[in-house]
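Ligands are counted one by one from 1 in listed order, and the atoms in each one are counted from 1 as well.
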Amino acid sequence: MAAVELRGLVKRFGSFVAVDDVSLTIDHGQLVCLLGPSGCGKTTTLRLIAGFLEPTDGEIRVGERVVSSRARTLPPEQRNMSMIFQSYALWPHMTVAENIVYGLRLRKMDRDTIAKKLAAILATTKLEPLAQRYPGELSGGQQQRVALARALIVGPETLLLDEPLSNLDANLREEMRFEIRRLHDEYRYTTVYVTHDQSEAMTTADLIAVMNAGKIDQLGTPEDIYARPESEFVARFIGAANVIKGTARDESHVEFAGATLQVVGAKLTAGQSAPVAIRQHEILLSTQAPTAQQNTIKATVTRQVYLGMNRDYMVETPDGTSLRVTTPTETAVDKGSEVWLTLPPARCRALSR
Ligand code: ATP
């Protein structure tokens with residue numbers, strides 16, 4: 001049985017639909033990221049799971065229990081969930097240790113058990129030397145670690161994280177991603193993690209649910225989402241792929257800018273418009289006409305930027321489409337030059353929507 005299940009979840013604010021028929025099954029011990037641009041409904045979905053909001057329609061199940069439905073919403077404190085907020089929400093007048101054990105004290109747990117659990121969590125979160133400090137005496141990353149320790153110590157059935165790293169600087173954010181994944185591997189709590197940051201989702205998640213306008217557009221492993229996007233939205237949002245608008249010649253070939261491209265991915269119907277995604281570093285750029293004709297397109301360089309590790313090109317195909325291409329630094333071609341692009345068939349992914 002699933003640990004957490006959303007069935008046809010809807011949340012309206014007046015006439016605005018923030019969460020639009022979302023269904024999602026999360027297995028025990030899985031970490032699922034809700035990933036998407038600002039305003040797509042991630043936080044609203046998380047708040048519905050936590051019980052801070054009541055759904056307009058649909059239901060949420062935790063194990064066998066229905067915790068939210070139109071008829072009845074169980075309050076947050078009866079859900080056995082821990083939530084970590086962007087702001088950490090630590091008590092400023094309590095030490096690190098007091099903050100961490102606060103939830104256990106509320107549950108009237110005995111002193112010895114609390115002390116044992118505290119020692120264990122201080123060790124795993126590397127907070128032992130800071131146990132007697134106050135939050136005001138900690139860096140952002142250390143405060144975040146305290147918030148994590150406090151959430152984990154109560155042994156929640158479900159852990160909910162709302163943009164937990166957004167207040168940290170870039171370096172620390174990167175380090176903490178690995179830390180969150182490490183703690184997850186150790187504790188294996190069923191976790192829902194909200195973020196708009198693709199790398200954060202790729203590092204931490206077992207499964208990523210990419211959300212757009214209140215709906216889950218695609219659900220899959222980080223590799224599925226990156227290497228096998230199904231929609232134009234996912235292809236562009238994850239890794240900023242180029243999307244070519246061609247016309248299907250048959251189920252695996254697309255006519256585009258006077259060329260024929262062999263593609264993989266969605267099965268196509270001849271004559272229909274066929275969006276095809278290809279990443280900028282997977283297009284080969286050359287000043288020589290390639291011997292093979294298939295999957296090659298003539299183009300003109302409209303911009304070239306030297307980036308140190310590579311060069312970033314903008315090129316225009318004969319039909320006026322702009323494509324971005326990343327090449328090794330040795331490939332230096334001036335603006336205005338004619339080039340040939342080779343789009344390897346295995347990298348041309350036909351999209352179904
Ligand atoms: P962000 O990354 O910016 O936090 P998000 O994907 O988490 O975005 P939500 O906070 O879930 O987005 O909001 C989804 C939409 O619902 C937004 O357009 C937001 O303005 C709207 N919304 C959220 N809460 C309310 C509310 N209480 N009343 C009215 N509209 C709301």
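With hydrogens and angles disregarded, a donor-acceptor distance shorter than 3.5 Å links the side chain of T190 to the backbone of G29. Judged purely by atom type and a 3.5 angstrom limit, T125 uses its side chain to pair as donor or acceptor with the backbone of I121. When atom types are taken as modelled, the side chain of T195 and the backbone of A201 share no donor-acceptor pair closer than 3.5 angstrom. Of the possible polar contacts, one joining the N242 side chain to the R324 backbone as a donor-acceptor pair under 3.5 Å is found. No side-chain donor-acceptor contact under 3.5 Å links N310 to the backbone of T326.
Counting only heavy atoms of the protein, atom 27 (N) of ligand 1 lies nearest to F13 CE2, 3.5 Å. In this structure, atom 9 (P) of ligand 1 lies nearest to the protein heavy atom T44 OG1, 3.4 Å. Among all non-hydrogen protein atoms, the one lying nearest atom 2 (O) of ligand 1 is K42 NZ, 2.9 Å. The shortest contact between atom 5 (P) of ligand 1 and any protein heavy atom is with G39 N, 3.5 Å. Looking from atom 15 (C) of ligand 1 to the surrounding protein, the closest heavy atom is F16 CE2, 3.4 Å.
The proximity of H196 to ligand 1, defined as any non-hydrogen pair under 4.0 Å, does not occur for either the backbone or the side chain.
Inside a 4.0 Å radius of atom 20 (O) of ligand 1 there is not any protein heavy atom. For atom 31 (C) of ligand 1, a protein heavy-atom neighbour is present inside the 4.0 Å cut-off.
For D112 and K116, the salt-bridge test fails: no basic side-chain N is under 4.0 Å from an acidic carboxylate O.
Residue V210 shares its hydrophobic cluster (ILVMFWY side chains chained together at separations under 4.5 Å) with L35, M202, I208, I225, Y226, F233, V234, F237, I238. The other residues sharing a hydrophobic cluster with V301 are I244, V254, F256, L261, V263, L268, V276, I278, I283, L285, I297, Y313, V315, L323, V325, V333, V339, L341, L343, where clustering joins ILVMFWY side chains under 4.5 Å apart.
Atom-to-atom distance recorded for L6:CG and T25:OG1 is 8.0 Å, nearest 0.5 angstrom.
Of the listed options A213, A18, G14, G41, G41 places a heavy atom closest to atom 6 (O) of ligand 1.
Residue contacts with ligand 1: P37 is included, with a non-hydrogen atom under 4.0 Å away.
Residue contact check: T43 has heavy atoms under 4.0 Å from atoms 4 (O), 5 (P), 7 (O), 10 (O), 11 (O) of ligand 1.
Of the polar atoms of S38, at least one N or O is found under 3.5 Å from an N or O of ligand 1, judged by distance alone. At under 3.5 Å, a nitrogen or oxygen of C40, whether backbone or side chain, sits near a nitrogen or oxygen of ligand 1.
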